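Report on the following structure.
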Amino acid sequence: MPAEKNRQIAIVELPQGKLSESNFKLVESTVPEPHEGDALLKVRYISLDAANRAWMQGATYRDAIEAGQVMAGGAIAEVISSTAEGFKAGDLVFADTGWQEFAVLPTKQLTKLPSLEPTTHLLSVYGIAGLTAYFGLFEIGQPKEGETVVVSAAAGSVGSIVGQLAKMRGCRVVGIAGGKEKCDWLVKELGFDAAVDYKSEPVHKALKAACPDGIDVYFDNVGGDILEACLFRMNLFGRIACCGAVSQYDGDAPAHGPRGVPGLIVTKRLKMQGFIVMDFDKKRDQALKDLERWVGEGKIKVQEDVIDGLENTPKALIGLLAGENRGKRMIKVA
């Protein structure tokens, strides 16, 4: 037994309105025992994503979260022991461990990870964030050299990579983010052509100035009013990759949906498609090879926001939903 206790973050009450730390509780239980076909895992890094909040609203591509459960979430974990072939002590895996120090899962639910440094890249550029950016942009957005690509939540874990990939394709790239500091970072550090600060100026007006020739590809991470603003600037036969709707996850439901749906989609003959990263599992290996090569060549700059301590997970998620982070936010458990 690796430890006497397993610290866990449980969701004690589903939020009504804004998420708060009072919705969570740090609890202790015994370390679970693996059965036939299982592995005992020691959680190393927990991924924090806007999707964590969406799961509290009901069933999506996964079961809804219920009060009393250990909060769900993906993580990098180390195999402590395994009762199944193919996994041994010391292996690194990605798994839906939840917010806790130890977990037992069937090995068929584990994805073995390579050993590389820094390990955190396995959650950011080589994890769901990087793969989401890669597939959403290239498979759905299909940008062409000279086109204009706009990405919202551009300073986040996915958006920051989307913009850099689009620049590699020879596109004009405009990011939408909250605050001058983030917008300056996008342009000066990541090479975006322009950035729109939605907190300081009307997005409709700012997009007109930043995208004088319209938008060919919009990578949507937020939905709501920003999606509406982009719809009105889309060019004929434009493509919209719908990745998330973080503006609608935390708090009361929006009073109305974006205007222009379906009218602008019809008149501009737009392609608008939602996706999740698992849709493209068969192309995962090639995507990882490409991302690793581009990072090695310095074409992708990786920004990570690592916070120590399992007990800080609820506060860190709330901060992510408020836009505190730049790049990928994660919790270092051990």
Side-chain angles (χ1 to χ4, degrees), residues 133 136-137 140-248 254-272 300-301 303 322-327:
L137 181 66
I140 298 174
Q142 299 181 3
K144 301 174 183 63
E145 185 176 354
E147 290 188 326
T148 295
V149 175
V150 173
V151 55
S152 54
S157 60
V158 175
S160 60
I161 297 175
V162 169
Q164 294 180 81
L165 295 178
K167 284 299 297 180
M168 289 171 51
R169 282 288 169 93
C171 298
R172 173 177 170 76
V173 178
V174 177
I176 303 174
K180 184 178 185 300
E181 181 182 357
K182 285 185 177 180
C183 289
D184 287 346
W185 175 66
L186 293 174
V187 174
K188 296 176 182 178
E189 296 294 326
L190 299 191
F192 285 51
D193 295 286
V196 170
D197 179 3
Y198 71 84
K199 291 185 176 181
S200 68
E201 54 189 333
V203 176
H204 286 81
K205 182 178 179 180
L207 280 176
K208 187 174 182 179
C211 307
D213 297 322
I215 301 170
D216 299 294
V217 179
Y218 172 48
F219 195 106
D220 183 32
N221 287 306
V222 300
D225 292 340
I226 290 177
L227 169 59
E228 177 181 302
C230 290
L231 275 171
F232 279 85
R233 295 298 303 162
M234 294 298 298
N235 289 329
L236 288 175
F237 303 105
R239 289 84 68 198
I240 301 173
C242 296
C243 178
V246 68
S247 69
Q248 300 170 20
H256 58 82
R259 293 177 300 164
V261 178
L264 289 173
I265 297 174
V266 175
T267 58
K268 295 188 175 188
R269 280 85 90 195
L270 304 178
K271 181 177 82 171
M272 187 174 187
I300 298 178
K301 295 180 180 180
Q303 180 78 15
E324 289 180 356
N325 62 300
R326 285 196 322 198

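Quick caveat, the model's predicted, so the values are computed rather than measured.
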Lys182 side-chain N/O to Gly323 backbone N/O, donor-acceptor pair under 3.5 Å: yes
Audit row: Cys171, Thr148, side-chain contact (heavy atoms from CB on, under 4.5 Å) steps and yes/no: CA-CA 6 Å; Cys171 298; Thr148 295; over 6 Å; no
Under the side chain to side chain contact (heavy atoms under 4.5 Å, CB included) test, residues paired with Asp193 that sit two or more places apart: Lys167, Arg172, Val173
Pairs in or reaching into residues 222-246: which pass side-chain hydrogen bond (donor to acceptor under 3.5 Å, both in side chains), with residues at least two apart or in two chains? Glu147-Arg239, Asp216-Asn235, Glu228-Arg259
Results of side-chain hydrogen bond (donor to acceptor under 3.5 Å, both in side chains) for Lys268 - residues two or more places apart only: none
Minimum heavy-atom distance between Ala166 and Leu137, given as atom pair plus value: N-CD2, 3.6 Å
Set of residues satisfying side chain to side chain contact (heavy atoms under 4.5 Å, CB included) with respect to Ala154, sequence neighbours excluded: Val151, Leu186, Phe192
By side-chain hydrogen bond (donor to acceptor under 3.5 Å, both in side chains), Asp184 pairs with (sequence neighbours left out) Lys180
Val203 versus Ala229, closest heavy-atom pair with distance: CG1-CB, 3.7 Å
For Gln303, check side chain to side chain contact (heavy atoms under 4.5 Å, CB included) against everything at least two apart and list the hits. Trp185, Arg326
Using side-chain heavy atoms (C-beta onward) and a distance below 4.5 Å, is Val217 in contact with Val150? no
Pairs flagged by salt bridge (Lys or Arg N to Asp or Glu O under 4.0 Å) wherever residues 194-209 is involved - sequence neighbours left out: none
side-chain contact (heavy atoms from CB on, under 4.5 Å), that's the test. Do Ile300 and Leu165 meet it? Break it down for me. CA-CA 8 Å; Ile300 298 178; Leu165 295 178; 3.8 Å; yes
What's the verdict on side-chain contact (heavy atoms from CB on, under 4.5 Å) for Ile240 and Lys271, showing C-alpha distance, side-chain angles and the deciding distance? CA-CA 6 Å; Ile240 301 173; Lys271 181 177 82 171; over 6 Å; no
Going through the checks in order, is the side-chain contact (heavy atoms from CB on, under 4.5 Å) test met by Ser160 and Leu190? CA-CA 8 Å; Ser160 60; Leu190 299 191; 3.8 Å; yes
Qualifying salt bridge (Lys or Arg N to Asp or Glu O under 4.0 Å) pairs with a residue from residues 148-163, counting only residues at least two apart or across chains: none
Mind checking what makes side chain to side chain contact (heavy atoms under 4.5 Å, CB included) contact with Ser152, not counting sequence neighbours? Ile176, Tyr218, Asp220, Asn221, Val222, Ile226
Write down the atom of Ile265, the atom of Val261, and the distance for their closest heavy-atom approach. CD1-CG1, 4.1 Å
Atom CG in Leu207, atom CZ in Phe232: separation rounded to 0.5 Å? 12.5 Å
Which atom pair, heavy atoms only, marks the closest approach of Pro258 to Leu231? CB-CD1, 4.5 Å
Taking all atoms of both residues into account, what is the closest heavy-atom pair of Val174 and Cys211, and its distance? CG2-SG, 3.9 Å
So, using side-chain hydrogen bond (donor to acceptor under 3.5 Å, both in side chains) as the criterion, who are the partners of Gln142 when residues are at least two apart? none
Pairwise side-chain contact, Gln164 with Lys301, heavy-atom cut-off 4.5 Å (strictly under): yes
